[in-house]
Every structure is written in structure tokens, then in C-alpha cells.
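Right, one structure below, let's go through it.
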Amino acid sequence: MKSNTFPRELRLLTPSHFSPVFDRPVKAVSDHFTLLAKYNDLDHPRLGLTIAKKKEKTAVGRNRIKRNIRESFRLNQDNLPNIDIVVLARDNIGDADNAYLQKQLNKLWKKISLRCEQSLKR
RNA sequence: CGAGAUGGCUAGACAAUCGCCGCUUUAUCGUUGUAUCUCAACCUUCGGGUUUUGGUAGACGGAUGAAGGGGAGGAAAGUCCGGGCUCCAUAGGGCAGAGUGCCAGAUAACGUCUGGGGGGCGCGAGCCUACGACCAGUGCAACAGAGAGCAAACCGCCGAUGACUGCUUAGGCAGAACAGGUAAGGGUGAAAGGGUGCGGUAAGAGCGCACCGCGCGGCUAGUAAUAGUUCGUGGCACGGUAAACUCCACUCGGAGCAAUUUCAAAUAGGGUUCCACUACUCUUAGAAGUUAAUGCGCGGCCCGCGUUGGAACCGGGUAGAAAGCUUGAGCCUUAGAGCAAUCUAAGGCCUAGACGAAUGAUUGUUCACGACAGAACCCGGCUUAUCGGCCAUCUCGCACC
RNA sequence: GCGAGUAUAGCUCAGCUGGUAGAGCGAUACCUUGCCAAGGUAUAGGUCACGAGUUCGAGCCUCGUUACUCGCU
């Protein structure tokens, strides 16, 4: 069954949710994003966002990036295993337009799930 | 038509699909407290009370689904002022400290706004303006300059119809000082103690006079700041700097929603009561000390590591959750008061409330091709950023009628 | 979100209550040495973060802007 919703259960909410992901995670990188991922005990993936003020100066710009990431996550969540993902912004992310951001994210979801499977086998 | 001034409005639009966050209505589920019925136990002063089992009712909160409707700004920003609100402190007042600073008004309040005055800029419409007081006191002014704060003599001018010196044809000729006076001229400086003219004088000087300017007082206009004056008076400084100390007048208690309040896991620890506790020692009987017991390594001993309390209640309180959180000095319309800011009255309206933080994404059509930029307790201002578009009033220039 | 602070030479910092900007290290050149280091001498290097205002004059005083730092989860 395909799901396109994005309720609260699919988010990382508190610092106690975030900190395990930063401890030796699986990584995936593109021009403007860094993804960190780790398996959780639930039956769905969860998403957390970290957009530093240094990377994108204005609140409007940061909101735009977050919306793009959430939108992409929402549409691709059924293709992801039960992992916690933290998305970090990299430098000059504000220069990219929405279409390019979406294109990068589509690749990254596949990449991160593949790498997680590999890490499980090892 | 061109150039400009002021004030106000606006901040892409529409459609489809998939999503996010409150609200309202509704359906289902589950839950605990409430009301009522019921089962059982205990207590009883036989009225009842406490605990407990199952059902029903409506209500509130919760979960899920459906429908309806709503969902960032003019600056949401900077946090520069002011206020509400909350907690802390507080008899009242003063000192200290901080702020404001022409006058009047508006306001909950303000460093804001409105109107007026003074000064400056602009042909003008208009714009800018921290604009109280240095005859209460203290301080500052580098360098330059003679002199920089109860003014001062460097050059110059007067003194000079020449003290004195030299020459001499004894007629004169040449050079020339001091005391003292002088603020007209030169020069220095950001700044050098009224301006012009006439008189006056050895030369000068408000020394005298006229006009202008200025101070003080009066009168007139104005609530006032202030302005005017064919009025009187003073010969004329009372220089600059208070975003220097200071004085004067007025204002201000402090901290901030990460304030504050409520509920409250796990873990550790505190208090009270009851129960349990091998022996001995100390003793104000307290699990205080020693011993002992017991679990594991290990079947036993040595040895090592660990345990020696349990239950109930109370209080504090972390994670987390909730309240604070949006009905407010609110918005719209009309009428009235006022030059205006604004105020009053009547009627109508409810217009984000999130919490890693919601308005988006994609596609299509269209136009002027979309700037600055995202609420975080709430308001009133200021300041800063900003692609443009529209409206109103006014000014100047050119042309035409 | 709220509160507090800093900005001066390439680096680390002075600069008292306004008078025309310095020190140390570093850089460059020269001296010294057979060569290097050390030492000595000299030189360059500053829009005092930026924009206004007050003043005769601003690194300093006042207002605004920008960047950075710290404290309160």
C-alpha cells in the first residue's frame, strides 16, 4: 500500500532522537547534502533536518530547503527501510533551484538504502 | 509634455493533483473521573461509610476516518525605545545611577505622533534640525601666533617740529634710540572682544554723534515658545565648547514567556510510619560499628566480588506533557468633536497559534515576468532592507488655447 | 526567542577624560660572518569594521548599520 502522508511519527523530534544517528552512521553525500542514517526499532523510516544558519542565511531560504527535503521524503518513504535519516546542508545550498535539489534527493534515497543493506550484511 | 515634492494603497492571478497545522460538525473506538443501578468484603453509634465487580447515561479530554471553513509581513527583521502580562523586591520619601531636553497638545506610555515657534537648505511645492542654562562653579582649546580668557604690543603707527651720532661750505645733510601711547592696518589661527560713515586725536580708540546690530526694561499679540515695537534705557559686552563635568526641569524598582504555573515516568537520594533483623560492643536504642549470614565464581574449603532490608505514604523534582497562547489600548462601516495627532457614540465582525517549528511541491494557462524577506507571549512606535505598480494633492519649466 | 560584549598593521595587543596612531612578533633591504643563526641599522605596511552627526579637530563622544563572540535549553 502506497502512502504519501507525512505525520509526526515519521520525524525525529528531540535531541535524544538525533544523537544516536550521529554515532557512527551510514553516510551518503551529494553537491548540497550530507545524509546520515542508522537502523531504528520501528517499522518505518524517520527524518530529521539540520540546516545551519551559516549555510543559508535567511529563514526563508532555510524553510525552502526543508520543504523540499520533506516533500521528497514524503514521496519516497515507501522505498526506504526502517532507518533514521538526518539530512545536513552543505555550503552554497542556497544557490541551487528546487528542481536540482529534488534530483539530488531522489538519487540519495536510493544510495542510502543500498548502503544500509550492505552495512547490515557485513 | 518634462522634472520634482508629500501622503496613501498594493505586494502576481486562476485551475488540477498530492501533502502540513489549528478550528467547527459528525461517525467509530477505547479510557478514566462524574451520576445512577448492581455484586462482594470490612467497619458501624444501624443513619451510613470505605474498598471492589459488572452495566447504563450524558459530558469532557484522547485516537482514527469524513465533511466544511481558516492559515505569515509591510517590514513578520534589527531589538533601539515605550506599555500590557508574569515573578521577585517594596511603608513613604531621598541619595546614587540612567534617560529625556524650544512651546502646546495627543496617548496606556514613549526617545513616538500632531500643531506652532526659532535656525539652516531649496526658484518653489517642501525638507532638515539633541533647539534649556557657560553673568552658580570647575575645566578644555594641540599646532601656529606677540597675545587664547579679570585680553595681548611681533611688524606697523604715534612719540619724532628728533634724545643721540657722523659729516659739514655752519645754511644744513644723513642715520637714528628709550620711556610711554595706540587694537585703525599687516600677519597667525577654527576662534583675536560690534559694523559703516563723520567728527575727533600726537596717533588712535564707542572717545563723541548718526544709522544698523545687541543687552535690559516696558507695552502690544499669543495658553506658551516667541514675535513686533515711530517706547525707554545702556556705549557695547555678555566670546566658543554642556553628544566636557555640572546646574535646572521632568521621567524611571529589577528581571524577563528559556518569565511563571500545573501534571509527572525511569534512576538516585530525602522524610514519616509499620514489619523484618545472628550475636556482640558503644549508647541519649540509631541497622552506628564489629561480627555473622547469604548469592555468584565453584560441588566443598580458602580467597575474590556482590547483597543485608521490605511495604505504604509524604515532599522535592529530571526527561516528557499541559497551561501561559491569542477577544485585543482588536478590525470594519457610519455619525459627531477637533486645524491635526486623536477621541466619543452606534452597528457589525472574529481574522495564524505552530514547537526541529505549519502556507509547500509539481503541472498547465495568463500578465506588468514577481523585490526584500517567514509569526514564536501580545500591542504602540522608531530604524534598516525592498523589484515594481496604482491613486490623490501640490510645485517648477516648456508649448498651446 | 531573550540578554551581554568585541572590531586598531599580516598576527597578538596598547592608545588615560578628543590634538592628527604606536609596541612586540613577522616582512623587505643593508651591516656583521667563510656560510647560517643570533645581533644591529633602516624601510614599507592602517579608509582605526562601515555610514552619518556633534566639534576648529573624532580611534576616542552620540546615533544607525554589518560581522563575530559569549550566557540563558
Side-chain angles (χ1 to χ4, degrees):
Chain A
M1 178 183 145
K2 188 160 174 64
S3 170
N4 287 323
T5 61
F6 187 55
R8 174 135 300 170
E9 289 76 39
L10 298 183
R11 305 190 194 178
L12 298 175
L13 295 174
T14 64
S16 55
H17 290 154
F18 271 82
S19 45
V21 181
F22 283 98
D23 182 27
R24 282 184 295 167
V26 178
K27 292 182 191 170
V29 179
S30 74
D31 288 353
H32 294 115
F33 296 108
T34 300
L35 270 66
L36 309 177
K38 212 171 193 188
Y39 279 95
N40 59 35
D41 300 330
L42 309 168
D43 59 351
H44 54 75
R46 290 191 297 180
L47 180 69
L49 302 172
T50 303
I51 316 293
K53 200 171 185 179
K54 275 186 181 174
K55 306 294 183 188
E56 175 60 33
K57 230 174 112 182
T58 65
V60 171
R62 287 193 296 278
N63 280 343
R64 183 175 69 88
I65 293 160
K66 285 193 259 186
R67 282 168 183 153
N68 272 288
I69 297 169
R70 280 198 214 104
E71 182 72 10
S72 181
F73 179 82
R74 182 172 71 80
L75 297 171
N76 288 287
Q77 56 178 292
D78 289 306
N79 303 321
L80 294 168
N82 58 323
I83 51 176
D84 287 345
I85 304 175
V86 172
V87 180
L88 300 163
R90 305 186 71 200
D91 287 341
N92 302 321
I93 193 166
D95 300 339
D97 61 8
N98 288 350
Y100 186 54
L101 292 179
Q102 292 292 328
K103 200 174 149 195
Q104 287 184 62
L105 287 163
N106 285 334
K107 284 185 185 172
L108 283 168
W109 301 130
K110 292 174 192 164
K111 204 169 171 183
I112 196 80
S113 47
L114 202 69
R115 289 192 181 176
C116 283
E117 282 178 37
Q118 288 171 354
S119 74
L120 209 59
K121 285 173 190 168
R122 259 186 272 138

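All of these numbers come straight from a predicted model, not from anything done at the bench. Per chain, numbering begins at 1; letters A, B, ... match sequence-line order.
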Any idea if [N] is syn or anti, going by the 90°-from-0 cut?
N       : value
B:rU169 : anti
B:rG47  : syn
C:rG34  : anti
B:rG83  : anti
B:rG74  : syn

Do the non-hydrogen side-chain atoms of [X] and [Y] ever get within less than 4.5 Å of each other?
X        : Y       : value
A:Ile85  : A:Leu80 : yes
A:Ile83  : A:Val26 : no
A:Trp109 : A:Leu35 : yes
A:Asn98  : A:Arg67 : no

[X] has an atom [atom1]; how far is it from atom [atom2] of [N], in whole Å?
X        : N       : atom1 : atom2 : value
A:Arg62  : B:rA373 : CZ    : C1'   : 12 Å
A:Asn63  : B:rA72  : CG    : C1'   : 11 Å
A:Leu101 : B:rG360 : CG    : P     : 16 Å
A:Lys66  : B:rG374 : NZ    : P     : 12 Å
A:Ile85  : B:rG356 : CD1   : C1'   : 16 Å

Pair assignment for [N], Watson-Crick or G-U wobble, requiring both distances under 3.5 Å:
N       : value
B:rG97  : B:rC252
B:rU327 : none
B:rA144 : none
B:rA392 : B:rU6
B:rG204 : none
B:rG295 : B:rC305
B:rC245 : B:rG137
B:rA59  : none

Atom [atom1], compared across [N] and [M]: separation rounded to whole Å:
N       : M       : atom1 : answer
B:rC331 : B:rC1   : P     : 41 Å
B:rA264 : B:rG381 : C1'   : 44 Å
B:rU112 : B:rU383 : C1'   : 12 Å
B:rG73  : B:rG360 : P     : 11 Å
B:rC378 : B:rA329 : P     : 13 Å
B:rA3   : B:rA337 : C1'   : 42 Å
B:rC245 : B:rU230 : C1'   : 49 Å
B:rG122 : B:rU220 : P     : 40 Å

- Message: Can you work out whether A:Arg70 or A:Thr58 has the more 5'-proximal nearest nucleotide on RNA chain B?
- Response: A:Arg70

- Message: Using heavy-atom distances to pick each residue's nearest nucleotide on RNA chain B, tell me which of A:Leu47 and A:Ala59 is more 5'.
- Response: A:Leu47

Check whether any side-chain N or O of [X] sits under 3.5 Å from a backbone N or O of [Y] as a donor-acceptor pair, and report yes or no.
X        : Y       : result
A:Gln102 : A:Ala99 : no
A:Arg90  : A:Thr34 : no
A:Lys111 : A:Val29 : yes

Rounded at 0.5 Å granularity, tell me how far [atom1] in [X] sits from [atom2] in [Y].
X        : Y        : atom1 : atom2 : answer
A:Phe33  : A:Asn68  : CZ    : CG    : 7.0 Å
A:Ser113 : A:Leu108 : OG    : CG    : 10.5 Å
A:Leu101 : A:Ile65  : CG    : CD1   : 7.0 Å
A:Ser30  : A:Lys103 : OG    : NZ    : 11.5 Å

Between the protein and nucleotides 76-79 of chain B, are there any N/O to N/O pairs under 3.5 Å, and if so, what are the atom names and distances?
none

- For A:Lys66, which of A:Thr50, A:Val87, A:Leu49 qualifies under side-chain contact (heavy atoms from CB on, under 4.5 Å)? A:Leu49

- Note on the structure: Intra- and inter-strand pairing of RNA chain C, written as dot-bracket with Watson-Crick and G-U pairs under 3.5 Å and | for the latter, reads (((((((..((((.....[..)))).(((((.......))))).....(((((..]....)))))))))))).

- Message: Membership question, hydrophobic clusters at under 4.5 Å side-chain separation (ILVMFWY): are A:Leu47 and A:Tyr39 in the same one?
- Response: yes

- Identify whether the distance between the nearest side-chain nitrogen and carboxylate oxygen of A:Arg46 and A:Asp84 falls below 4.0 Å. yes

- Could you tell me whether A:Ser72 contacts a base, only the sugar-phosphate backbone, or nothing, with contacts defined as non-hydrogen atoms closer than 4.0 Å? nothing

Under 3.5 Å between N/O atoms: give me all the protein pairs with nucleotides 361-366 of chain B, atom names plus distance.
| from | atom 1 | to | atom 2 | distance (Å) |
| --- | --- | --- | --- | --- |
| B:rA361 | OP1 | A:Asn98 | ND2 | 3.3 |

